[in-house]
Q: 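Here you go, one structure.
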Amino acid sequence: SVGVDASTSATDLQGEVLVSAAASLTDAFGEIESAFEEANAGVEVILNLGASSALREQILEGAPTDVFASADTSNMDQVAEAGEVAGQAEIFVTNLLQIAVPAGNEAGVTGLDDFAHEDLLIGLCAEDVPCGEFGRQALAGAGVTPAIDTNEPDVRALLTKIEAGELDAGITYVTDVLSTEGTVDGIDIPAEDNVVAEYPIAVLAGAPNPDAAASFVEFVLSDQGQAILTGYGFHRLDD
Amino acid sequence: MVEGPLGEGLEARFELHRGDEFRLELDLAIPPGRTVALLGPNGAGKSTAVAAIAGLLQIESGRIGLAGVTLDDPGAGINLPPESRKVGVVFQDYLLFPHLTVAENVAFGLRSRGMSRSNSLARAADWLTRLDLAGLEKRKPALLSGGQAQRVALARALVTEPDLLLLDEPLSALDVTTRSEMRRVLDRHLKEFPGPRLVITHDPVEAFLLADEVHIIEKGVVTQWGTPDEIRLRPRTPYAADLAGSNLLFGRATAGLAQVGSHHIHLAEHGIDGDVLLTIRPSAISLHRRPPEGSPRNMWETTIELIEDLGERTRVRTGAPLPLTAEVTAEASTALGLAEGESVWLAIKATEIGVEPGDGRTSSS
Amino acid sequence: MVEGPLGEGLEARFELHRGDEFRLELDLAIPPGRTVALLGPNGAGKSTAVAAIAGLLQIESGRIGLAGVTLDDPGAGINLPPESRKVGVVFQDYLLFPHLTVAENVAFGLRSRGMSRSNSLARAADWLTRLDLAGLEKRKPALLSGGQAQRVALARALVTEPDLLLLDEPLSALDVTTRSEMRRVLDRHLKEFPGPRLVITHDPVEAFLLADEVHIIEKGVVTQWGTPDEIRLRPRTPYAADLAGSNLLFGRATAGLAQVGSHHIHLAEHGIDGDVLLTIRPSAISLHRRPPEGSPRNMWETTIELIEDLGERTRVRTGAPLPLTAEVTAEASTALGLAEGESVWLAIKATEIGVEPGDGRTSSS
Amino acid sequence: MGFIALTTERREAERARRPPVLLVVLGVLGLAVFAVPFIGLLSRVPWTDLPELLSSDLVTDALRLSMVTSLTATLVAVLIGVPLAWILARLEFPGRSLVRGLVTLPLVLPPVVGGAALLFALGRRGLIGEPLNQATGLLLPFSTSGVVLANTFVAMPFLVITVEGALRNLDRRYEGAASSLGAGQWTVLRRITLPMIGPSLVAGLVLTWARALGEFGATITFAGNLQGRTQTLPLAVFVALESDRDVAVALSLVMVVVSLAVLVALRERWWKAL
Amino acid sequence: MGFIALTTERREAERARRPPVLLVVLGVLGLAVFAVPFIGLLSRVPWTDLPELLSSDLVTDALRLSMVTSLTATLVAVLIGVPLAWILARLEFPGRSLVRGLVTLPLVLPPVVGGAALLFALGRRGLIGEPLNQATGLLLPFSTSGVVLANTFVAMPFLVITVEGALRNLDRRYEGAASSLGAGQWTVLRRITLPMIGPSLVAGLVLTWARALGEFGATITFAGNLQGRTQTLPLAVFVALESDRDVAVALSLVMVVVSLAVLVALRERWWKAL
Ligand SMILES: Nc1ncnc2c1ncn2[C@@H]1O[C@H](COP(=O)(O)OP(=O)(O)OP(=O)(O)O)[C@@H](O)[C@H]1O
Ligand SMILES: Nc1ncnc2c1ncn2[C@@H]1O[C@H](COP(=O)(O)OP(=O)(O)OP(=O)(O)O)[C@@H](O)[C@H]1O
Ligand SMILES: [Mg+2]
Ligand SMILES: [Mg+2]
């Protein structure tokens, strides 16, 4: 269904569609919301932004959600296992890791090797959080044992500290560095060490408005949706 | 003074404990229109009795009835809450509500009983004026002097026109002028008041003036009761004697001679044998520099332990063999040149000695 | 009684405001070893004076000195905190610390001054025993009766052996027995106590017994002071007269005849002309059913307004033309068959009427 | 400390005492704990962009919702929290200590877990939520009522514990005196008990309202983050933090200013009278 | 309500009153607000895996750190918060209302913003933190002291506001009586003032400690999350929630049980005496 012009196909849709999306999708989904509503005058998208894990809990406990867009596969898998996904979840974008340093890079960080320096303040996401898991994979791939000072529970917390100059370096997603609009500098991780993070999306089994939900997912996967997402640093699936 | 049948007054016959040590056993009946004064040493249970009758303490057994209605009867499971008893209380430490003004404090009872704010404040202002508190309406209790606070407490209890008045030392903090004024106000109000009234006081004059009947309570038990005159003339416990300002001696009489300790006293009354209570008014005791001549059958030499100057009269406390209090005129005292520590002769006419048969209860106390 | 130079006693001459309406102007000097009783109507400023001397209220001008040390002198910027004044206070409403036991309350002052816990508790126990409170050591104040609480407050003030004692109605809640007992304890203690003492009371007997000097304060101003006898015999304000149990009349004398209102009274004293204060002891007034014959120069017919039965004596208040209080023996009262509302003849010998020149200040009050 | 007038309130004659220096020093240190971060916050406020940042729908929606939900939660807390405090202070029953402990639960639980616990209990699949939903169709998550519930859950302990402490401190004989004057238990509660614990009650209310206003974790977990429906100011801050930190700081400032304004206004009108 | 013994504490003779039914009903409703989510939580506890889940290093480290930091923060709050409360209640100075408002700041700010404000002020690049760091080498973020500071910031308002309310309620003449007995201002504070506001002080302490124990947002933002150094229980719970709800629920249960145990034990020993 990729490539279908969504703007004409769903004009008869009505009502609200409640989209629970990972917080890191805030800006991108904000734009998608407007575009989708423009294309479907009868539909109102309501965004529910939060940590993927919190969104997962809401869905598992029966909160009336139409669409779930997670920042990792693990939370989506748990939802699917519970039988809450209608059909199948699809990966809609991927994201790459980047080294984030405070603007100006005072500490002179150049690559993953610097993460072993005891005298630098280094932060990663916590091990159980996707960005933490991927970050550690990247470091392991590069053969670096990091001297970690903090395991942040989410990317946002990590970025806040890098922005404030409290940490000398951390590993986050490319999209996150981009979203700071210059207060954080990104240093690319070589492709051989980098890890691809996959973002799944799905219509939920208990969706109060399944038609509109399906249409929304379609829109995200459409060229228009993908174009918006890549504008925020995400990678298209077919890249 | 309208006096109705007892059933319409207060009947309080109950027992209760306070803490581990104190136990109150009260048996009191006050017909409508009569005032009973409850007197007793500190810690005797007077305030406890008030709290129980007002419904603030739980009685353990017995019954409290007012105007034909049972207020408390643990046996029958009856236990009327305080707000359903029409009882006006002046608490010993006033318990004025600190967050309300004087006027609001006095109006509180009326408002609680449903009167409008303005009406009740007007009535309160009325009573405040009557008790000479005009001008203090807007004050908070913390800004009152002790005596002002006490009068506010009095106004607060009187304004609700209850069926029963319980006044716990209502005049103790008042100055002499105000006190006699208030005593008059109270006396007048009590006389108009149709229900039974219970007044607690430590002031015998107050008790004797206000009350139709005096009950004396000691260590939780009523030890004597009667009209003011009965108490005054025939006190049966040392406390009651102090109250009456009398001397009280416990002795054993045989044929007109009473043995008190190791001392013997001649009595005019020959008819009573066995345990006796002897009462001697202080003014019936005369003091002399030399052994007096003439009729007094009882006389002995003793030392002056304490001289208290009461103005026109002088009170003299004597020591062994029998500690007694005598009262002489100030002139006599000066004429005799009495001084503490000096020795003096003391004489009592046998006819001036009151004799009562003693009973176990009283003499054991 | 050791009496030292005044500089070593209490000198309190100060002014302060309370709220918008009340202003106290005190001028009081008590040499060491002397007891002054401060008396006055409710709200006169007695407790305020105590608080100021203890350092709990800020004086506005004047000076308070004790034992040669200046405690307060706003002019010189001196203002010793309460804890640096060695002053023992019994507060009118006791202010016992509710979270401490009786023994801890009494020991508090000693502990604050550095005595060890065990020593101070031992001393406290000692004083509790002296004031007949043994057995209550472990109680919290909330579990005491009113009189017990007052005695604890007394013990708490006495135990610290301060340089100055300030007792604000220290005996008002005590029963008769305990009160006379405590009065004796207090009297003994006051006599042993080397410093100055100030006692506030509403009980004239207490004041006259305990005090060397009586100060009367009304509406924030001292209106009269003197020895108990001076106050008793020559009260200069209606309040003082009430205190003395005397009748006080304000009049204008010319050649042995005083005009009081529209009435004329004959005096024995012819030397004083102009404004006068007349004092008449109640016992100097005799009552008769018929116009009495003989010497009394003053007599008139009046009505009986109130009869108060005081036991051996009866107090009679008469009405117009001059309201007076007379006191007759109970026998006389019975013999005359006195009753309220009846008319009676009243006689006063001119020689029994005290005459004092009046001054503006007193007669204006 | 020259700026501290060495007088105490109201009564003119009351003795003015120089407060112990150490106490003042410690107190100022205590104040610093609050003042220093506040200054830190102020230092990052984008003052020039402020008007623009704050005029968006997002902000006005969130502000309105925050006021409505925090005040409603405070009201609910008063309605059921004061009675609970009264019961804890006045009645003796088995398990009272446990209940007291339970009241502190929301303080101890990280709010997110608290929100999850609310979901477990009151979500559509929840222990109580499920039958409730089936019976009435009521669904709390994603609803404004859900926000109020989450706020109440998190904020009510402050009221309960403060009021209970004050009730235990109160001399009960005043209540006895009031009832002997004919006041029923409700009148006593309304006209004697509550006014007499006034300052503590107000303290509890302030704590409760402020905590409800700032509540984030339980709300986002239980009620979601839907603009205009469940997105309160703190949630808006969270969203802003993802996209634009300046907006987040500006929003935080709004919260602080609003709460300061409300508290100072309240105090002038109301607390002062106490 | 048969399980409620209709008696009140201690004094035997005191009148037992049947509490107003509505009050009890409302109170029970209030209780339900806490009990229901608790039951929800309990219903999801993986009881069989519990021993295993809880025996890890992570849990013991976090538990130890939580106890140390929350208790230290409470202590610090007492040391500087009680004086601050005293100053607010007893001294009059310009800007007092503002200071009072400032004290509620940490309540109103979402903890994450509070943590950010702490960073702005005391972080390595913070207003005060930067000079401090350069002068002394002290670095608060990522250190256990940083956790204590964050906890203190967030939890101290409870103590300050509760104690201030109680101080304003206190009859000051008792303090006057104490000073006339020779007690200096410190003795009065220690032996009269604080004991007399005992129940409120305890309430404030309980609130403070519980809030510090549960503190998450400011801590993670300001102090980070490193096992054994800054990872307290709530942080461990939050991280666990990301991946495995069972672990998170189990850890939450630990927190609840620990705090209940501490509070009940304290009460038996200490509060009861009040
Ligand atoms: N709440 C209480 N718990 C336990 N015991 C108490 C309590 N209140 C008073 N008591 C004790 O009960 C006894 C009676 O006290 P009550 O107050 O009735 O005495 P009282 O006759 O009014 O004395 P007073 O003349 O001193 O006011 C006293 O021994 C007192 O110590
Ligand atoms: N805190 C206060 N603020 C303002 N006015 C007060 C305050 N306390 C007392 N007053 C007023 O000051 C006056 C003097 O009060 P004070 O307590 O000194 O009287 P007192 O002579 O001790 O009276 P009492 O015999 O009734 O105890 C009274 O008119 C009283 O109403
Ligand atoms: Mg009593
Ligand atoms: Mg006084």
Side-chain angles (χ1 to χ4, degrees), chain A residues 16-31 33 44-66 68 71 82-84 153-164 173 175-176 178-184 206 208 232, chain D residues 40 43-44 56 58 61 110-130 132-134 137-143 146 150 216-231 235-249:
Chain A
E16 290 181 355
V17 57
L18 200 147
V19 178
S20 286
S24 55
L25 296 166
T26 299
D27 288 337
F29 268 46
E31 201 178 327
E33 174 189 357
E44 194 191 347
V45 174
I46 296 180
L47 279 183
N48 179 29
L49 298 160
S52 302
S53 54
L55 302 176
R56 174 200 74 206
E57 286 302 321
Q58 291 166 355
I59 294 162
L60 292 178
E61 297 302 327
T65 317
D66 293 294
F68 179 32
E84 293 291 340
D154 58 40
V155 184
R156 176 51 42 192
L158 184 56
L159 270 183
T160 303
K161 291 200 182 60
I162 295 170
E163 258 180 318
Y173 295 113
T175 52
D176 297 316
L178 213 56
S179 78
T180 64
E181 292 168 358
T183 55
V184 168
Y232 288 93
Chain D
S43 75
R44 302 299 166 101
S56 72
L58 184 98
D61 276 2
V112 174
V113 177
L118 281 172
L119 274 178
F120 300 159
L122 295 166
R124 192 155 54 166
R125 309 278 152 75
L127 276 182
I128 292 169
E130 184 154 14
L132 193 76
N133 182 296
Q134 273 158 14
L138 192 74
L139 199 57
L140 286 170
F142 294 167
S143 71
F216 165 72
T219 309
I220 198 164
T221 308
F222 180 61
N225 178 18
L226 315 180
Q227 189 186 337
R229 204 184 306 164
T230 67
Q231 188 178 71
L235 271 58
V237 171
F238 168 80
V239 171
L241 220 46
E242 286 293 332
S243 56
D244 188 346
R245 200 186 67 185
D246 280 357
V247 177
V249 171

Q: Can you tell me how far CZ of F142(D) sits from CG of L18(A), rounded to the nearest 0.5 angstrom?
A: 5.5 Å
Q: Side chains of L47(A) and Q227(D): closer than 4.5 Å at any heavy-atom pair?
A: no
Q: Just wondering, do R156(A) and F238(D) contact through their side chains at under 4.5 Å, heavy atoms?
A: no
Q: Consider salt bridge (Lys or Arg N to Asp or Glu O under 4.0 Å). Of E84(A), E61(A), E57(A), which one does R125(D) pass it with?
A: E84(A)
Q: Non-hydrogen contacts under 4.5 angstrom with chain D: give the residues of residues 22-30 of chain A involved, or none if there are none.
A: A23(A), S24(A), T26(A), D27(A)
Q: Taking every heavy-atom pair that is under 4.5 Å apart, which of P64(A), A54(A), A63(A) has the most such pairs with chain D?
A: P64(A)
Q: To the nearest 0.5 angstrom, please state how far the CG atom of N48(A) sits from the OG1 atom of T230(D).
A: 6.5 Å
Q: For the candidates G123(D), P141(D), G224(D), G146(D), which exhibits the highest count of non-hydrogen atom pairs separated by less than 4.5 Å from chain A?
A: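 Ranked by contacts with chain A, first place is G224(D).
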Q: As an exercise, state the distance from CZ of R124(D) to CD1 of I59(A), rounded to the nearest 0.5 Å.
A: 11.5 Å
Q: Between R229(D) and chain A, with a heavy-atom cut-off of 4.5 Å, which part of the residue counts as in contact: side chain, backbone, both or neither?
A: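 When you check distances to chain A, only side chain atoms of R229(D) fall under 4.5 Å.
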Q: By a 4.5 Å heavy-atom criterion (distance strictly below it), what part of L226(D) contacts chain A: side chain, backbone, both, or neither?
A: both
Q: Using 0.5 Å steps for rounding, measure from the CD1 atom of I220(D) to the CG atom of L49(A).
A: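 The CG atom of L49(A) is 8.0 Å from CD1 of I220(D), to the nearest 0.5 Å.
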Q: By a 4.5 Å heavy-atom criterion (distance strictly below it), what part of V112(D) contacts chain A: side chain, backbone, both, or neither?
A: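 Neither part.
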